[in-house]
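Report on one structure; see the data block that follows.
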Number of protein chains: 4
Amino acid sequence: MSLPAGQPKFRRRKADRPDEIVAAAFEVFAEKGFAAARLDDIAARAGVSKGAIYLYFATKEDIFQAVVEQGVAPNLHNLAALAAANPQTFPDLIRAFAKVMAHVASTTPIGGIIKMVIGEARNFPELARVWHDRLIVPALGALTGAIAAAQARGEIRPGDPRHYAAGLISPLLVGVIWRETFTPVGAEPFDLPALMEQHVETQLRGMVP
Amino acid sequence: MSLPAGQPKFRRRKADRPDEIVAAAFEVFAEKGFAAARLDDIAARAGVSKGAIYLYFATKEDIFQAVVEQGVAPNLHNLAALAAANPQTFPDLIRAFAKVMAHVASTTPIGGIIKMVIGEARNFPELARVWHDRLIVPALGALTGAIAAAQARGEIRPGDPRHYAAGLISPLLVGVIWRETFTPVGAEPFDLPALMEQHVETQLRGMVP
Amino acid sequence: MSLPAGQPKFRRRKADRPDEIVAAAFEVFAEKGFAAARLDDIAARAGVSKGAIYLYFATKEDIFQAVVEQGVAPNLHNLAALAAANPQTFPDLIRAFAKVMAHVASTTPIGGIIKMVIGEARNFPELARVWHDRLIVPALGALTGAIAAAQARGEIRPGDPRHYAAGLISPLLVGVIWRETFTPVGAEPFDLPALMEQHVETQLRGMVP
Amino acid sequence: MSLPAGQPKFRRRKADRPDEIVAAAFEVFAEKGFAAARLDDIAARAGVSKGAIYLYFATKEDIFQAVVEQGVAPNLHNLAALAAANPQTFPDLIRAFAKVMAHVASTTPIGGIIKMVIGEARNFPELARVWHDRLIVPALGALTGAIAAAQARGEIRPGDPRHYAAGLISPLLVGVIWRETFTPVGAEPFDLPALMEQHVETQLRGMVP
DNA sequence: TATGAATGAGCTTTCATTCAT
DNA sequence: TATGAATGAAAGCTCATTCAT
């Protein structure tokens with residue numbers, strides 16, 4: 001028996017549905033923000049009825065939470081992978097770090113999530129807290145620690161290592177936000193890997209004694 | 001009976017009303033975002049009735065637009081002032097630029113506006129366009145031009161001058177966003193002037209041949 | 001290993017399904033009322049899927065109707081049995097009638113049905129009509145007739161025989177409603193057989209010339 | 001300036017609105033029950049928009065509560081008035097009590113409220129508790145006490161005074177329920193004052209030694 | 001100019017009913 | 001016969017906007 005040509009009215013896809021809904025919700029939330037996102041839009045983009053969403057999520061907030069949490073996990077993984085790799089020298093560590101981050105920023109929808117975190121932090125403080133505690137502090141902390149260690153070895157000039165760390169990664173964040181915010185209205189985009197490569201070399205030159 | 005300090009006996013003149021409404025609206029929009037902001041809240045914070053708002057603004061969007069435009073003007077002014085002052089050397093120019101920007105970032109509510117621009121860019125592309133065209137491109141362009149000129153004089157190493165410019169000011173933007181997003185949930189704040197001073201010196205060292 | 005008492009190993013035959021559904025529906029309808037009853041609850045309590053209900057009943061209203069009708073039949077039977085028995089004297093007739101009714105009221109779920117009839121009479125007039133025409137009028141009519149006959153024989157004082165009948169059986173109805181309504185919130189219950197015995201003797205003393 | 005002939009779109013009646021809404025809600029709730037009552041119906045019957053209801057009540061449940069509470073108060077008043085009047089003899093006390101109750105039952109919408117209390121007791125136990133504690137127990141208790149006192153004086157035969165009390169007032173309750181439930185589908189109504197007068201005389205004859 | 005009660009369109013959520021399996 | 005995922009038509013509730021005062 002072959003599949004019917006047309007689309008059946010009902011599809012039984014319990015296993016896949018939640019992910020499809022979360023994927024659709026991510027797009028809508030990233031585009032509109034939480035409050036302006038309409039369940040109708042999410043349902044339509046997920047290809048399900050509005051009611052079907054409530055088979056998997058109790059409230060709109062629950063969907064939002066699932067979207068955000070889904071955005072945390074892969075980045076956690078990236079972070080762990082980065083920590084496992086242990087390049088010889090400090091400059092190589094920084095270069096590797098920047099390269100991976102630039103790649104992630106360029107190829108994943110992390111920009112949309114960052115936009116959501118920034119835009120909804122006040123309405124959903126828990127969301128900001130999760131991102132801060134589980135992703136940002138570990139990442140920034142690891143970078144800061146590496147810088148401080150290099151300073152202790154005399155490889156890096158004195159100065160607040162946390163400020164050095166912020167100076168290193170900020171262009172990446174700004175580049176991502178730029179892409180989400182200004183590129184859609186005609187702004188010239190940034191080539192993030194190229195930008196980061198130049199930036200890291202400049203920083204390294206500036207940081208060594 | 002003396003007048004209470006907070007509540008002037010003489011009603012403020014109607015001429016002030018629009019500004020008061022815009023000020024209140026700015027707070028609410030910055031906190032909640034456009035869609036989640038309620039006219040009731042804006043009215044209450046402005047100390048007027050909900051109906052009164054409609055004597056000055058036709059729609060909620062109009063209020064939002066006024067808020068955004070009010071946020072553009074003073075920064076335009078800052079920009080012009082910066083351009084008027086003409087320090088002798090390239091490093092001094094950069095130092096002056098960074099200092100003014102860090103001061104503005106630390107002492108004005110620009111963070112709230114930036115959050116709004118980022119969060120609502122998709123819903124109000126015109127808003128993103130205005131900010132991009134009238135503030136960001138001029139500022140970034142001026143900085144990029146100064147860098148390119150310095151490169152032409154051999155004072156700065158080769159490299160994409162726009163990337164250099166982005167590398168210079170990004171920490172400021174990130175610092176402001178950090179303050180709006182993570183500080184309220186307990187994150188350690190950044191001392192923006194100190195961060196920028198260290199960052200600029202590092203960058204300058206890295207940029208010279 | 002012996003079979004658990006509550007869970008027969010051999011699935012009940014499909015022939016029993018409708019009755020099980022009606023039984024479950026009765027509980028839910030009596031507890032929540034028609035509108036607030038959820039098909040999910042009925043299905044869960046009947047131990048079947050929601051879809052299975054629609055193999056036996058076309059709509060929620062049909063289930064309700066089945067519940068009500070199932071509640072009418074046994075009482076009709078009681079009534080007929082009562083009419084068949086023919087005690088010698090009028091007082092004995094009344095005593096027998098009250099005794100049977102008190103027993104029924106105490107041992108059957110008639111209270112829940114009465115609650116449903118009262119609560120849903122306006123939404124389902126047909127339901128009220130059925131109960132009125134097939135149960136109440138025959139019962140009340142028989143009682144009224146017996147009283148009128150006794151009056152004709154001079155055994156009972158003058159007076160509206162229908163009012164006498166209402167005066168005789170009302171406490172039973174109130175007792176049942178009381179049990180459904182106030183006992184669950186802590187009210188002192190009534191011992192219906194005792195109440196009726198005392199009430200009938202009092203009424204008989206008051207009704208004789 | 002004369003009033004416009006047509007009905008103005010907006011009426012400003014803040015003071016009257018809540019009562020109008022409660023009155024409309026009472027009708028709808030009494031007719032449909034809580035769950036089946038629709039805010040649209042209540043609004044339409046009150047002559048306001050759905051939104052206007054929410055200026056005065058936060059939720060549908062709050063409206064329901066207001067309806068019930070409004071039904072308790074006047075009856076409390078009746079009860080107090082009854083207690084204040086102190087007839088000479090026990091029979092006169094009972095006659096007065098029955099007369100007032102029959103009048104109330106015949107002329108007020110108490111039937112609708114009783115129906116609601118019975119129908120929604122399980123969904124809103126607090127509602128049943130309020131009625132039980134504030135109205136029924138005091139009323140039934142006062143009657144029971146008067147009977148017990150009369151028994152102590154030898155004016156009434158032995159027997160459970162609470163059962164006597166129930167036997168006395170039950171026909172009233174049944175009469176009210178009858179009117180709400182069966183009269184609308186064609187049942188012959190009861191003349192409550194006449195029924196109660198005959199019932200009370202019968203009871204009194206039966207209760208004296 | 002100013003108010004705030006009132007509106008009504010639109011939102012999230014529920015649930016009786018359907019249908020592919 | 002039986003399932004339960006899916007549907008979609010309401011339902012309760014919100015809030016930008018209007019208008020009588």
Side-chain angles (χ1 to χ4, degrees), chain A residues 1 3-4 8-17 35-43 47-63, chain B residues 11 13-15 17 35-43 47-63, chain C residues 11 13-15 17 35-43 47-63, chain D residues 1 3-4 8-17 35-43 47-63:
Chain A
M1 188 173 105
L3 292 172
K9 192 168 180 186
F10 286 50
R11 292 181 301 156
R12 296 171 64 85
R13 300 249 305 270
K14 185 165 171 64
D16 299 338
R17 279 281 187 268
R38 293 186 302 118
L39 267 291
D40 277 302
D41 288 348
I42 295 173
V48 298
S49 69
K50 225 182 338 177
I53 293 178
Y54 285 86
L55 297 172
Y56 304 101
F57 301 94
T59 66
K60 190 184 178 186
E61 279 200 36
D62 282 0
I63 310 172
Chain B
R11 289 294 314 166
R13 289 139 305 293
K14 337 98 211 197
R17 279 283 157 83
R38 299 190 303 121
L39 267 289
D40 277 299
D41 288 348
I42 294 173
V48 298
S49 70
K50 214 174 7 166
I53 293 179
Y54 283 87
L55 296 173
Y56 304 102
F57 301 94
T59 66
K60 191 184 180 185
E61 280 200 34
D62 283 358
I63 309 172
Chain C
R11 288 294 316 165
R13 288 141 306 294
K14 340 100 212 195
R17 278 281 158 85
R38 298 190 304 121
L39 267 288
D40 278 297
D41 287 349
I42 294 174
V48 299
S49 69
K50 213 173 11 166
I53 293 178
Y54 284 86
L55 297 173
Y56 304 102
F57 302 94
T59 67
K60 190 185 179 184
E61 279 200 35
D62 284 359
I63 310 172
Chain D
M1 190 174 102
L3 292 170
K9 193 169 180 186
F10 286 52
R11 292 181 300 156
R12 295 171 64 85
R13 300 249 303 271
K14 184 162 171 66
D16 299 339
R17 280 281 186 268
R38 295 186 301 119
L39 267 292
D40 278 302
D41 288 348
I42 294 174
V48 298
S49 69
K50 223 182 340 176
I53 293 178
Y54 285 87
L55 296 173
Y56 304 101
F57 301 94
T59 66
K60 190 184 178 185
E61 279 200 36
D62 282 0
I63 310 173

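Worth saying up front: this structure is predicted, and the values here are computed from it rather than measured. Both backbone and side-chain heavy atoms feed into the values below; hydrogens, waters and symmetry mates do not.
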Looking at every strand, decide which applies to [X] at a 4.0 Å heavy-atom threshold: base, sugar-phosphate, or nothing.
X       : answer
B/Lys50 : base
A/Leu39 : sugar-phosphate
C/Ala37 : sugar-phosphate

Nearest whole angstrom, please: distance from the [atom2] of [N] to the [atom1] of [X].
X       : N      : atom1 : atom2 : result
B/Asp40 : E/dA5  : CG    : P     : 11 Å
B/Ile53 : F/dT18 : CD1   : P     : 13 Å
C/Tyr54 : F/dA6  : OH    : P     : 18 Å
D/Arg17 : E/dT7  : CZ    : C1'   : 11 Å
B/Leu55 : F/dT18 : CG    : C1'   : 12 Å
D/Glu61 : F/dA11 : CD    : P     : 18 Å
D/Phe57 : E/dA5  : CZ    : P     : 14 Å
D/Lys60 : E/dT12 : NZ    : C1'   : 16 Å

**Prompt:** Quick one: is F/dA16 close enough that its OP1 or OP2 comes under 4.0 Å of any side-chain N or O from B/Arg38?
**Reply:** no
**A/Tyr56 side-chain N/O to F/dA5 phosphate OP1/OP2 under 4.0 Å** = no
**Asked** Now, which nucleotide makes the Watson-Crick or G-U wobble pair with E/dC11, with each of the two distances under 3.5 Å?
**Response** F/dG12
**Complete:** Under a 3.5 Å limit on both distances, the Watson-Crick or wobble mate of E/dA20 is F/dT3
**Separation between CD1 of B/Ile63 and CD1 of B/Ile42, rounded to the nearest 0.5 Å** = 5.0 Å
**Separation of A/Ile53 CD1 from A/Asp62 CG (nearest 0.5 Å)** = 12.0 Å
**Prompt:** Of the non-hydrogen atoms in C/Thr59 and C/Tyr54, which two are nearest, and what is the gap between them?
**Reply:** CA-CE2, 4.4 Å
**Note, B/Arg17 side chain near B/Val48 side chain (heavy atom, < 4.5 Å)** = yes
**Request:** Name the residue closer to the 5' end of DNA chain F, choosing between D/Ala35 and A/Ser49 according to the nucleotide with the nearest heavy atom.
**Result:** A/Ser49
**Prompt:** DNA chain F: C/Ala52 or A/Gly51, which has the more 5' nearest nucleotide?
**Reply:** C/Ala52
